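Read the structure below first, then the notes.
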Amino acid sequence: MNGRGEYIAGLRELADYLEAHPAIPVPTVVPQVTVYTGTDTHTGGDGVGRAIVDQAAATFGTGVHVSSSGHREAARKFAGGLAYRVLHIPDAAMAEHDARQSYTGNIQVTAGTP
């Protein structure tokens, strides 16, 4: 993706297209856009990630939800149930996830084996 303006233009183009073509189905599961603070454009560790979520919550006029694992989220809902979320996954939680996933591919299951 090249930038914010291009992303917004794409969303508008999609909405216009769907409106102009009512025979095209739309999702039956309510979609949500999730922005993770750990992406290439938002580096800097937990402090920066928390600040990004807090700023989003202030802009949305909502609170911040913090899960038991420390995931921090701010969200705003739009018409039709569409939601826009900003999510920070703590460095420790991400490291634990990566450690667990490091075994993927090392376990071989043979067909017919219980």
Side-chain angles (χ1 to χ4, degrees):
M1 187 177 333
N2 292 329
R4 180 181 179 85
E6 193 170 301
Y7 180 78
I8 293 168
L11 290 173
R12 287 190 177 117
E13 184 179 345
L14 173 61
D16 291 344
Y17 183 83
L18 291 173
E19 186 173 50
H21 298 87
I24 299 294
V26 295
T28 56
V29 175
V30 178
Q32 58 184 341
V33 174
T34 302
V35 176
Y36 296 93
T37 63
T39 63
D40 294 338
T41 57
H42 300 119
T43 57
D46 285 335
V48 171
R50 287 190 299 267
I52 291 169
V53 172
D54 291 349
Q55 180 181 357
T59 302
F60 295 159
T62 64
V64 172
H65 172 74
V66 182
S67 73
S68 61
S69 61
H71 289 51
R72 191 172 188 85
E73 174 186 358
R76 181 165 187 262
K77 293 186 177 178
F78 294 86
L82 179 66
Y84 189 93
R85 303 181 332 146
V86 179
L87 178 66
H88 173 68
I89 301 172
D91 293 341
M94 201 65 219
E96 181 179 339
H97 169 77
D98 290 345
R100 291 180 189 280
Q101 292 301 316
S102 69
Y103 289 96
T104 301
N106 293 320
I107 299 172
Q108 303 291 322
V109 178
T110 305
T113 302

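Just so we're clear, the structure is a prediction, and the values are computed from it rather than from any experiment.
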Which value, rounded to the nearest 0.5 Å, describes the distance between [X] atom [atom1] and [Y] atom [atom2]?
X	Y	atom1	atom2	answer
Glu19	Leu14	CD	CG	11.5 Å
Ile24	Leu18	CD1	CG	7.5 Å
His71	Ile89	NE2	CD1	4.0 Å
Thr62	Lys77	OG1	NZ	11.0 Å

Got a sec: does the CD of Gln55 have more than 12 other heavy atoms crowding it under 6.0 Å? no

Closest non-hydrogen atom pair, [X] against [Y]:
X	Y	value
Glu73	Ala75	OE2-CB, 4.0 Å
Pro90	Ser69	CG-O, 3.8 Å
Arg85	Thr34	NE-OG1, 3.0 Å
Gly63	Ala57	O-CB, 3.8 Å

Test side-chain contact (heavy atoms from CB on, under 4.5 Å) on Arg72 and Asp54 and set out the steps. CA-CA 9 Å; Arg72 191 172 188 85; Asp54 291 349; 2.9 Å; yes

Hydrophobic clusters here meaning ILVMFWY residues chained together by side-chain heavy-atom distances under 4.5 Å, can you tell me if [X] and [Y] are in one?
X	Y	result
Leu11	Tyr84	yes
Leu82	Val35	yes
Val26	Phe78	no

Would you mind reporting whether Thr37 and Val86 have side-chain heavy atoms less than 4.5 Å apart? yes

Any side-chain heavy-atom pair of Val33 and Tyr7 under 4.5 Å: yes

